[in-house]
Every structure is written in C-alpha cells, then in structure tokens.
Amino acid sequence: MPRSFLTALAGILAALLIGAGVMLAQGYNPAATYAALFEFSLGDVDSLATTLKNAIPLILTGLSASVAFASGPVNLGQPGQLLFGALLATLGGLYLPLPAPLLIPSLLALAMLGGALWAGLAALLRRAFDMSEFIVTLMLNSIADLFTFWAITGPLADPDAFSPMTPAIQPAGWLPEWGEFSSALLVLALAAAGIWFVFQRWTAGYEWRLTGQNALFARLGGCNISRNFVAVMLTTGALAGLAGGLVVMAGPHRFLKGLGANYAWDGVMIAVVANNSLPGTLLYGLFFSALQTGALGMELITAVPSEFIQVLQAVIVLVVVASRGRLSEWLDVWAARRRARVKPLAPAPD
Amino acid sequence: MTVAQRPAAPSRATGLIELRHITKVFPPNTLALDDVSVTFQPGEIHALVGENGAGKSTLMKVLYGLEAATAGEVRLGGRPVRFRGPGDAIARGLGMVHQEILLVDEYTVWENVVLGAEPVAGPLGQLNTTLALRAVQAKIAAFGLDLDPAARAGDLSVAARQKVEILKLLYRDVSVLILDEPTAVLAPQEVPQLFAELRRLRAGGQTILFISHHLDEVLTLCDQVTVLRRGRHVATRAAAGLGKPELARLMVGRDVVFTSRRSPHPPGGVVFSADALTVRAPSAGGRAAGRERLRDVSLSVRAGEIVGVAGVEGNGQFELVGALMGLLPAAAGRVRVNGRDLTHASILERRRHLAFVAQDRGRMGASLAAPIRDNAIMTHHRLNPALTAWRGWLLRPAAVGRFVDELRERYAVTMRAAGAPFRSLSGGNQQKVILGRELLLDRPFILLDQPTRGLDVGSTEYVHDQILQLRARDRAVLLVSADLEELFRLADRIAVMHRGRIVADLPTDETTLAAVGYLMLEGRPAAG
C-alpha cells in the first residue's frame with residue numbers, strides 16, 4: 001500500500017510537470033492554471049461538495065470495473081449498465097406510489113437491478129454459448145444507449161420538454177441534500193464498505209480474488225468458477241447501475257439525454273490506473289473528479305480551455321500505468337541492495 | 001551408424017571464458033548471484049551444480065546475454081564482452097540449450113536446424129535445399145550424432161529432439177554449448193547416449209557447460225565441477241577424485257542421507273481405485289492424438305500404501321491426474337475413493353475425499369501474487385468449518401490467522417508474514433505451504449504429482465519424510481513422478497505408463513531401476 005501510494009504520487013507529479021510543459025508551450029501560465037484548478041475543486045466547501053458529488057459515479061463505475069477485473073471477468077459494460085440502472089430508477093420514481101423512506105431504497109434497489117440485469121445478460125450468453133463477455137458487454141453498451149434514447153423520446157418522453165428527457169421523478173424519490181453535501185455520498189460509502197466486506201470477509205469474495213489471480217488454482221481448490229463468474233457480473237453490473245440511479249436521484253431528478261455520458265468510461269480508466277485496488281479506486285475517483293470539477297472554474301479565470309483537463313487525465317493515466325512497474329522494480333532493487341549490504345549471508349529465495 | 005571421428009575445429013574459438021564478480025539482483029529483493037567469479041577452460045566439460053535457487057541457471061543466462069548482470073563482467077579470451085541477447089552470444093560462439101525444446105514439429109530435422117540461418121541462392125534469395133541439407137549432414141557427421149536429417153521433428157523422441165537443439169547450435173558454429181539440465185527430460189536409458197555424444201563434442205573441441213542436479217551425472221561426465229550455493233561460488237574442483245558425499249556436502253552444506261527409510265508396513269483395504277479409466281483429450285496441434293489419451297487405466301491404492309506412477313513425461317500422467325481431479329472428463333471407467341464413486345463428481349466433492357499436490361506450483365498449486373495466507377486456506381475455506389462463520393458464508397480472520405500459524409509450525413515454513421506474496425517464499429517453503437495445506441485436509445487418499453519437482457535436496461528430503469509419514473498413518477498415496485530414484489525410495493508398487501496405458505504394475509522390491517526404465521521407454525519388459 002505505501003509502495004503503490006509512492007509510485008502513484010510520483011506518476012501524478014510527473015504528469016503534472018508534463019502538463020505544465022504543454023501549457024508553457026502554448027503560452028499559458030501553469031502555476032496560475034493549477035492554482036485555479038485547485039481553488040475551484042477543493043478551495044472552499046462549495047467546491048468540495050461539488051467535487052465529492054461528481055466523484056460518486058466515477059467511483060462507483062470504477063469499483064465496478066475494479067471488482068470485475070480483479071476477479072477475472074472483463075466487464076466493460078459499465079456505460080450500458082449505468083444507463084439501465086438510471087432507466088429503472090427513473091421508472092420507479094415516476095410510477096411507484098411510495099413515501100420517501102420506502103421509495104428511496106426501492107429506487108436504489110431498482111437501479112442496481114437494472115445494471116445487474118444488463119450485465120447478467122452478458123453472463124448468460126457466456127454460460128450458454130461461451131460468448132466472450134469482453135465483446136458482449138461492449139456491444140450491449142450501444143444497445144443500452146439506443147434503447148434508453150428510444151425510451152426517453154418515446155414512451156417516457158416529457159411532452160413539455162424541448163430536448164429528449166423524461167418528466168421529473170416524484171420528489172419523494174429525490175435524495176436529500178445535507179447542507180452543501182448530497183446524501184448520495186452516504187450511499188457511495190455504504191457501497192464501498194460493502195465491496196470491501198465482500199472481498200475481505202465473504203467466502204465467495206475470497207474465491208473471486210483468487211480466481212482473478214489464478215483461475216486454474218482456484219478451480220482445483222474447489223471454487224465454483226462458473227457460479228462465481230455470474231455472481232461477479234451481477235455484482236459489478238449492480239454497482240454501475242447504482243451509479244446511474246444516483247445520478248438521476250441526486251441530480252436532475254430525471255433521465256436526460258446523454259446522462260452520465262463519460263462517467264462509466266472514466267470509471268474503467270480509474271480502475272486501470274488504480275490497478276484494481278479498492279483504496280486506489282476511491283482516491284483516483286476523487287482526484288479525477290477534482291480535475292473535472294476544477295476545470296470549469298479554471299476556464300473561467302484563465303484562458304486555458306477546459307478540454308486541457310482531458311489531456312492532463314490522459315497523461316496521468318499513461319505516466320502512472322507506464323511507470324509504476326519500472327518504479328516498483330527500482331524500489332525493489334534498492335531494497336535488495338540494502339538488504340544485501342546489511343545481511344550479506346541472507347539466503348536468496350529460490 | 002558409424003561415423004568417422006574427425007575432430008571438427010570450431011570456427012570461432014572463444015578461448016578462456018571468465019565470469020568476474022558477477023552480481024545479479026532480481027526484484028523483489030532476491031540476490032540471485034552474489035559476486036560469483038568462475039573461469040571455464042576451452043575444451044572441457046564443466047558442470048555447474050547446486051540446489052535450486054543456487055543461481056546456476058541465472059549465471060548461465062548472464063553469460064548467454066539473457067539476463068543483464070547487476071554488476072561484474074564477462075570476458076572471452078581476456079577481452080570484456082557485453083551481450084545484449086542470445087544473438088550476440090551465438091555470434092561470438094556461445095550457444096545455450098534450454099530445458100524446453102522448441103522445434104517446429106512439421107519440419108524435418110534439417111529444416112529445423114537451418115531455420116533462421118538458411119543458406120540462400122538465386123535472385124529472390126530462395127532456400128538452397130541441397131546446400132542446407134549437405135551442411136546439416138556435414139555437421140552430423142563431424143560430431144558423430146545419431147540423427148536422421150530427413151526425419152520429421154514431431155516424430156522424434158525427446159532425446160533426439162534435444163540432439164536437434166544441440167545441432168542447431170553446432171550449425172551456427174558455436175564452440176561453447178550451455179546445457180540447462182539436459183537429462184531432466186530423458187529416460188534413464190537415454191542418458192548414457194547423450195553423455196557419449198557430449199564426450200564426442202568435447203573431442204571435437206567444444207566447451208560444454210553442463211547444469212545439473214544429479215551428482216552421478218556430474219561425476220561420470222564432467223572434467224570440472226563448480227558448486228554454487230545460495231548465489232555464491234562455493235568451489236571449483238576437478239571431478240576426478242571428488243566423491244559423491246563430498247559433492248553433496250558442498251552443494252547443501254551438510255550431509256544428505258541417500259538411503260530409503262521405507263520400513264515394512266502391511267497395507268490395509270483398498271482406498272482408491274480407478275477401473276478402466278479412459279480419457280479423450282481434445283487433440284491439439286500436430287501431435288499424435290493416441291499419445292494424448294488415457295486408455296483403460298486400472299489402478300488401486302490401499303491404506304498405508306504408496307503406489308508410484310512412472311513414465312516418461314507425456315505418456316498419460318497429465319491426463320490421469322486431470323481425470324482424477326475432475327479437470328478432464330472421463331470418457332469411460334470409474335474412479336472410487338472408499339467405495340464412493342467420484343468419476344463425475346464436482347471438484348469440491350472430490351476434495352472431500354482426496355488431497356492433491358500439483359506438479360506446477362505457480363500454475364496449479366498456488367497463486368504466486370496472492371498473499372501466503374490466501375494460498376494456505378484454499379479448499380479449507382469451503383471444507384474446514386473452523387475457518388468460517390454463518391454457514392460458511394463468512395471467513396473468520398482470527399481463525400484463518402491461527403490456521404496459518406498452525407501450518408507454519410507443523411510444516412516448518414520459514415516466512416516473514418502471512419500477508420506477504422506467495423512468490424516471496426523460496427521454492428522449498430512454497431511446497432511446504434502447499435503440502436501442509438493439503439495434508440491438513442486429512443483425507444484418506446492423497447494424489448501427489450511430482451511433489452519434489454524443482455526442489456533442492458533438503459526440501460526433497462522433507463517432502464519424502466512427509467510422504468512416508470502418510471504411509472505410516474495408513475493413508476493411500478498415489479505418487480506420480482518422473483524421478484525413478486524417488487519412486488524406488490518411496491513406492492511400495494510402481495505402475496509404469498506408456499502411451500496412455502499402464503504397461504506394468506510391479507512391487508518395487510521385485511524390480512529394478514533398469515527394468516522400469518526399459519518399460520517406460522519400450523512399453524514392454526526387456527527380453528530375457
């Protein structure tokens with residue numbers, strides 16, 4: 001953990017330096033730009049609240065991808081699963097006549113169900129026809145995109161709106177605001193804690209992890225590989241679906257066209273940078289959210305366009321992922337040399 | 001086939017090969033070579049011996065340019081050289097034969113040999129077959145190798161394929177051959193022939209660096225012996241006058257007992273039985289489908305009995321283990337443990353009745369990246385109720401911790417922390433964790449697939465002790481092994497596999513190493 005933290009920090013610093021170089025080359029002031037970026041993402045309570053809120057879908061889809069990749073299944077269907085989660089939550093919010101204490105949990109459950117169903121479809125195709133979930137989940141994303149677009153322009157369309165969207169869900173389904181902060185953060189915290197519990201304490205979670213690392217070993221040890229595969233797909237689908245539900249329930253309270261357009265892919269990216277680790281996913285989710293949130297403010301007071309943040313994100317991903325192996329190796333060599341000096345007779349492990 | 005023993009002068013004599021102060025650090029934190037200096041004289045057969053992890057292979061890989069030394073230098077004929085890869089090494093007259101043999105099965109011997117260095121002619125650079133064939137034939141004749149250049153590589157025995165690998169290097173005019181445990185893949189009968197050929201190569205002016213585990217081989221074949229221990233150079237001696245016990249002591253730093261301690265022990269009732277077991281593995285690639293299957297295999301193991309399965313690798317042992325573990329479906333036949341039919345049972349169900357130690361630790365026996373703790377509780381997490389709560393749904397971290405402690409103490413595992421990655425353990429300790437895990441399951445039947453493969457002498461001894469204890473505790477043990485010495489030490493009976501069949505099932509005391517070796521190779525008893 002301290003090791004991965006160190007390599008991540010080094011990668012991020014290097015990326016920020018490269019970003020500064022890019023800005024200098026274009027005649028911008030990097031110091032002022034980074035200051036604005038910081039100020040508008042973490043500078044005051046208001047910005048912090050926005051950063052945290054924007055981090056929710058990033059982290060949840062990031063967790064979805066992390067859990068899947070760490071357990072073996074290549075679930076790349078977070079965008080579609082997010083959309084189906086949002087769609088089911090919206091449907092429930094429009095038509096379920098329940099008071100808030102019942103409606104909110106119901107909508108959260110519906111959101112998870114929506115994502116799980118969409119991921120479950122891919123799992124089913126894998127089980128029945130041995131179709132690679134890699135391809136299937138990717139293709140289901142497009143179907144989900146078009147299907148939800150049809151739903152919000154057709155049967156669920158708000159007749160009074162000028163762009164494709166559903167009517168607002170009942171206020172009983174809106175997630176309350178606590179001061180500046182959205183209560184969706186609590187849901188996120190619960191979901192993250194749940195995932196930690198599943199991975200570290202649950203017997204099946206243990207099997208997921210070991211299967212992700214060495215499936216043949218896990219199989220010979222008696223783990224039920226195919227059942228675990230389905231369980232992982234459903235769980236990670238539910239996480240992505242929950243992200244979609246929260247976007248609706250905490251934000252515009254309706255299904256808008258283009259909802260969560262980039263969240264899910266950013267989540268996959270976060271899982272990759274975080275090397276599928278849970279704390280890493282949380283931290284990178286917050287960090288990327290801060291960048292994206294600060295970008296708007298940065299654009300206001302500096303001449304740097306907010307698109308620059310996409311460049312910076314890409315540089316961070318590339319630098320961190322490319323450097324961590326080599327950096328870790330250097331640290332190992334350094335540690336080994338030190339040990340060799342201290343204890344010259346230390347046995348070399350086979 | 002008789003061949004004129006014309007000494008063929010290698011075109012690039014390298015002169016003295018000096019490795020000076022070589023140090024190699026492998027991340028994480030493994031000091032694989034620690035200031036090793038050795039000199040190899042041209043024209044000698046020089047053995048590199050040492051326990052696993054002693055650094056033999058690493059040293060040779062440094063010499064061959066496969067690994068960059070962290071410190072130190074390589075000198076050829078007094079001049080420092082720096083190889084960036086095997087290509088550089090071959091260009092300077094050094095060649096290495098690895099344990100895995102890499103040939104194109106569909107190609108003939110000569111085609112394999114010239115591949116990558118073909119003599120060409122004509123405006124389009126066509127392969128000049130006549131020239132190529134003649135060049136290969138010339139090399140075969142010059143070094144007196146018993147090889148048919150027109151044979152298809154896929155049809156050759158392992159020994160012949162190994163010879164093709166050597167020929168590939170001779171064709172490239174190397175004068176130094178590095179052989180990484182060349183006898184590991186051979187049947188006992190094939191070893192003397194290899195040695196005879198290596199001696200002929202030496203007579204032809206070749207320098208041979210010979211990595212080995214086996215003391216006998218080293219002492220019969222080699223001129224000089226260099227012993228490495230834990231990455232350090234221990235000694236370089238002339239093989240003549242060096243005794244086996246002394247060499248063993250140099251290798252391990254203490255005396256190793258070579259005698260069997262299998263005491264008389266009357267076996268009980270039948271615990272494990274396989275009846276007419278047949279496995280059809282999907283035939284992959286160009287290999288003959290018949291050799292990849294298991295046909296009508298019947299075996300039984302009684303309580304307190306160790307039954308060995310001998311055979312040249314690839315004669316159905318893999319399929320036998322796969323079928324017993326539920327990795328490969330049985331096309332016919334029955335598998336029973338204590339009368340319970342497990343032929344089509346799930347792996348978890350099988351694990352209620354049998355323990356299993358796989359031959360390939362990193363692939364089947366453990367997850368190298370996972371913490372030691374996670375590796376230690378595999379299978380127990382489902383079948384040992386002490387480790388879980390809530391009807392098996394939740395793991396109990398405290399109980400898991402106690403379990404790992406127990407395993408560490410009972411099986412004398414040296415480890416820093418239960419949370420450290422499994423790969424940070426030495427090979428011997430890895431195997432102790434795996435063995436301990438399986439034995440703590442306390443099953444009536446134990447399937448061991450090459451449980452000492454790649455282990456050093458001390459760890460091998462430990463594993464053998466554990467296996468004999470199982471026998472004393474009336475467990476039924478099926479021991480699949482490529483090491484005949486191991487089988488003769490441990491097994492009460494030896495079943496010999498040949499081309500997917502059991503061709504003999506003999507009490508160990510009534511047979512000989514030579515007889516079993518012949519059965520392994522020929523599939524029938526030696527005549528007379």
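In what follows, every chain begins at residue 1, and chains take the letters A, B, ... in the order their sequences are listed.
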* Structure fact -> Contact list (residues 204-231 of chain A to chain B, heavy-atom gap under 4.5 Å, by number) returns A:Ala204, A:Tyr206, A:Glu207, A:Arg209, A:Leu210, A:Gln213, A:Asn214, A:Leu216, A:Phe217, A:Ala218, A:Arg219, A:Leu220, A:Gly221, A:Gly222, A:Cys223, A:Arg227

* Considering heavy atoms only, which positions within residues 386-393 of chain B lie below 4.5 Å of chain A? -> B:Thr388, B:Gly392, B:Trp393

* **Between B:Ile377, B:Thr23, B:Thr70, B:Thr414, the one whose heavy-atom pairs under 4.5 Å with chain A are most numerous** => B:Ile377

* To do: Check whether B:Arg363 gets within reach of chain A through its side chain, its backbone, both or neither, counting any heavy atom under 4.5 Å.
  => both

* Structure fact -> With chain A, the option among B:Asn375, B:Leu383, B:Asn429, B:Leu368 that has the most non-hydrogen atom pairs under 4.5 Å is B:Asn375

* Atom group of B:Asp35 that falls short of 4.5 Å from chain A, counting heavy atoms -> neither

* Asked: So with a 6.0 Å cut-off around CZ of A:Phe199, is the heavy-atom count from everything else above 12?
  -> yes

* To do: Determine, step by step, whether B:Leu395 and A:Arg201 satisfy the side-chain contact (heavy atoms from CB on, under 4.5 Å) criterion, reporting the C-alpha distance in whole Å, the side-chain angles of both residues, the deciding distance to 0.1 Å, and the verdict.
  => CA-CA 5 Å; B:Leu395 287 171; A:Arg201 292 284 180 271; 5.7 Å; no

* Answer yes or no: does atom CZ of B:Phe318 have more than 12 heavy-atom neighbours from other residues, nucleotides or ligands under 6.0 Å? => no

* **Contacting moiety of B:Arg396, where chain A heavy atoms sit under 4.5 Å** => neither

